[in-house]
Amino acid sequence: MKIEKTLQTPAAFLYSKIIAPVQADIAAAELGGYAYRKQFPDGEWAKVKVTKNVIDREFAMLTVTRFSRFKVRYLITPLNANASQVRVSETVQPVNWAAQLKQMVTELLVGNKRRRNYGRMLDSIERSYMTA
């Protein structure tokens, strides 16, 4: 899945909104290479590692569950003082054939919803800047 969108927000504001949930999880100033365990509401656990952190430009992380490896990457390009372009990419690597089958069915059933949710998240970031 890939999304590319131009937002009427500065790169610094956009970047701060992207990393805020991770900062809340780890409460650490230095993100690059940071790894931690996260518990989900259903009781499942995941290992999360920040794989790349270039302030106001790029943020990438790897989340490993017992079923899959999720890679998410945000590339931010400042267009001018008040606008930025963001490219979001997410890849899923199932760990076995059963997880791969589950991922294929999930993508078929809710793939568009995931893309729509990423779009909504970006729209929400843009709206929060407009009202700030």
Indicate, with yes or no, if Phe13 and Val88 share a hydrophobic cluster defined by side-chain heavy-atom contacts under 4.5 Å among Ile, Leu, Val, Met, Phe, Trp and Tyr. yes
When rounded to the nearest 0.5 Å, the distance separating NZ of Lys17 from CG of Leu122 is 13.0 Å
Tyr129 versus Pro10: any side-chain heavy-atom pair under 4.5 Å? yes
Show, in sequence, the C-alpha distance, side-chain angles and deciding distance for Thr63 and Val72, and conclude whether the side-chain contact (heavy atoms from CB on, under 4.5 Å) test is met. CA-CA 8 Å; Thr63 303; Val72 178; over 6 Å; no
side-chain contact (heavy atoms from CB on, under 4.5 Å) between Arg69 and Leu62, intermediate numbers included: CA-CA 7 Å; Arg69 296 167 51 93; Leu62 169 68; 3.6 Å; yes
Minimum side-chain heavy-atom gap Tyr15-Ser84 below 4.5 Å: no
Taking a hydrophobic cluster as the set of Ile, Leu, Val, Met, Phe, Trp and Tyr residues connected by side-chain heavy atoms closer than 4.5 Å, whether directly or through intermediates, do Ile55 and Val86 fall within one such cluster? yes
Using the rule that Ile, Leu, Val, Met, Phe, Trp and Tyr join whenever any side-chain heavy atoms are under 4.5 Å apart, tell me whether Ile125 and Tyr118 fall into a single cluster. yes
Using the side-chain contact (heavy atoms from CB on, under 4.5 Å) rule, take Asp123 and Lys5 through it: C-alpha gap first, then chi angles, then the decisive distance, then the call. CA-CA 9 Å; Asp123 289 343; Lys5 186 167 183 139; 2.5 Å; yes
Working to the nearest 0.5 Å, report the span between OG1 of Thr77 and CZ of Arg57. 7.5 Å
Please round to the nearest 0.5 Å and tell me the distance separating atom NZ of Lys52 and atom NZ of Lys71. 13.5 Å
Quick one: which of Asn53, Thr51, Leu75, Ile76 gives a side-chain contact (heavy atoms from CB on, under 4.5 Å) with Phe59? Asn53
Hey, quick one: are Tyr74 and Val48 part of the same hydrophobic cluster, counting side-chain heavy atoms closer than 4.5 Å, chains of contacts allowed? yes
Side-chain hydrophobic cluster, 4.5 Å single linkage: members besides Val54: none
Without swapping roles, check the side chain of Ser68 against the backbone of Phe70 for a donor-acceptor pair under 3.5 Å. no
Atom pair CD/CG of Gln8 and Leu14 - distance to nearest 0.5 Å: 12.0 Å
Met61 and Val92: same hydrophobic cluster, using ILVMFWY side-chain contacts below 4.5 Å? no
Does any donor atom in the side chain of Arg87 or Gln85 lie under 3.5 Å from an acceptor atom in the other side chain? yes
